[in-house]
S.K.: 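Shown below is the structure under consideration.
Counting starts at 1 for both ligands and their atoms, in listed order. Throughout, residue positions are numbered sequentially from 1 according to the sequence presented. Worth saying up front: this structure is predicted, and the values here are computed from it rather than measured.
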Amino acid sequence: MPAKAGAADREDIVRRIVSAAAALLSLVVGAVAAPGEAFAPIDAEEQAAAMGGGVNIFGYDPGWDNPSMARVVPGHFRYIQAAGFKTVRIVLQSFRFMDGDGTLDPKFFAVLDPYLKAALDAGLTVILDEHDFDLCAADPASCREKLKAFWRQMAPRYAEAPNRLVFEIMNEPHGAVTDAMWNDMLAENLAIIRATNPTRNVVVGPGHWNSLKSLPALVLPEADRHLIVTFHYYTPMEFTHQGASWAGPQFVNLRGVTWGTPAERKILADDFDAVKTWADANHRPIFLGEFGAFEPAAMPERVKWTEAVRAAAAARGFAWAYWEFDGGFGVWDFSKPGWVEPILDALIPPAEKAKP
Ligand code: BGC
């Protein structure tokens, strides 16, 4: 069947030319560096201090498949900045935009770039977080290839972007991605990133869902001082994930769990002290990349927990990002539209909001 194969080859060549041209176009159109703001190295500690408080955003938005259906729009970053947040963690599920060779569809960048530009233009620090963690947990071999392909394309593309753009290698390794395998994955992706971004700050977290308990198992290249270490905090799960079907059958019908006894507050303090002890011993700044309580919990309880976790992070000098902007944990309510004031006040106390 040589004739058919030839036609298929030609089709493939045409497809590749079209996709290369589209990638080039989106590279030009989607330039992200604000005029006059070239990349300049910044200490990881200084960057984490500047990151302050932030919010996770755009992960599960229908706008990824159909921009006209987007819930979050680039204009939201101005509201986020005006409310007192300094950082956004943009959640990327990129693998489904890849072809068989791992090449990202230009559509992915066509969606991402206007958001990235708007967030940087709003003065925010932007973390680009690869969030295909569940696919990785189920099939690490295929994930490893895709993750490397992702950073091979992302790192050179944004190498000139301002230092307020920070990469996060991957969210919450778990399942078949053991702590040991994760250390290898971190090393291989960091090497890819460092080839074009030798001094950009990169967020890396421990295994087991970015658990603070796995911090001692995290292996980082000692000489790389441009790393910010992340962990996620949803303790106690029975409180933060009551009613959360994805967390496991035992959470589905849980309701009415409260939080805030002295014993529970001590667990929080001890946990965060353990992170601080690790950070001081290893000379790494810390970013609490996710924390939040799902909406079936009573609002006053959610506020109490959110305020306590935010304060525990701030007291130890950790940057933080709330999970998440909209949805079941949301600090933004699209039905208003507007802020969920009690959650916003727990994150950005009104007295701090008033500060310049
Ligand atoms: C996941 C979300 C989930 C949240 C809290 C995030 O890392 O991507 O799907 O809602 O954690 O469980």
S.K.: Is it the case that the side chains of Asp134 and His174 hold a donor-acceptor pair, with the cut-off being a distance below 3.5 Å and no angle test?
M.R.: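 Looking only at side-chain atoms, Asp134 and His174 do form a donor-acceptor pair, the distance falling under 3.5 Å.
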
S.K.: Among residues two or more places apart or on two chains, list those pairs meeting salt bridge (Lys or Arg N to Asp or Glu O under 4.0 Å) that have a residue in residues 87-97.
M.R.: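 Output for this query lists Asp65-Arg96, Arg89-Asp129, Arg89-Glu168, Arg89-Glu290.
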
S.K.: Over 60° means perpendicular and under 30° means parallel, so tell me whether Phe167 and Trp151 are parallel, tilted or perpendicular.
M.R.: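 Answer is tilted, since the angle falls between 30° and 60°.
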
S.K.: Under 4.0 Å between a Lys/Arg side-chain N and an Asp/Glu carboxylate O for Asp113 and Lys117?
M.R.: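 Not counted as a salt bridge, because no side-chain N and carboxylate O are separated by less than 4.0 Å.
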
S.K.: Between Phe329 and Tyr234, is a side-chain contact (heavy atoms from CB on, under 4.5 Å) present by the stated rule, with each step listed?
M.R.: CA-CA 12 Å; Phe329 295 71; Tyr234 290 103; 4.1 Å; yes

S.K.: As a test of reading the model: which residues have a non-hydrogen atom less than 4.0 Å away from ligand 1?
M.R.: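 Lining ligand 1 at under 4.0 Å, by heavy atoms, one finds Tyr60, His131, Phe133, Asn171, Glu172, Tyr234, His241, Trp246, Glu290, Trp323, Phe329.
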
S.K.: Under 6.0 Å between ring centres: does that hold for Trp246 and Phe294?
M.R.: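 Judged by ring-centre distance (under 6.0 Å), Trp246 and Phe294 do meet the cut-off.
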
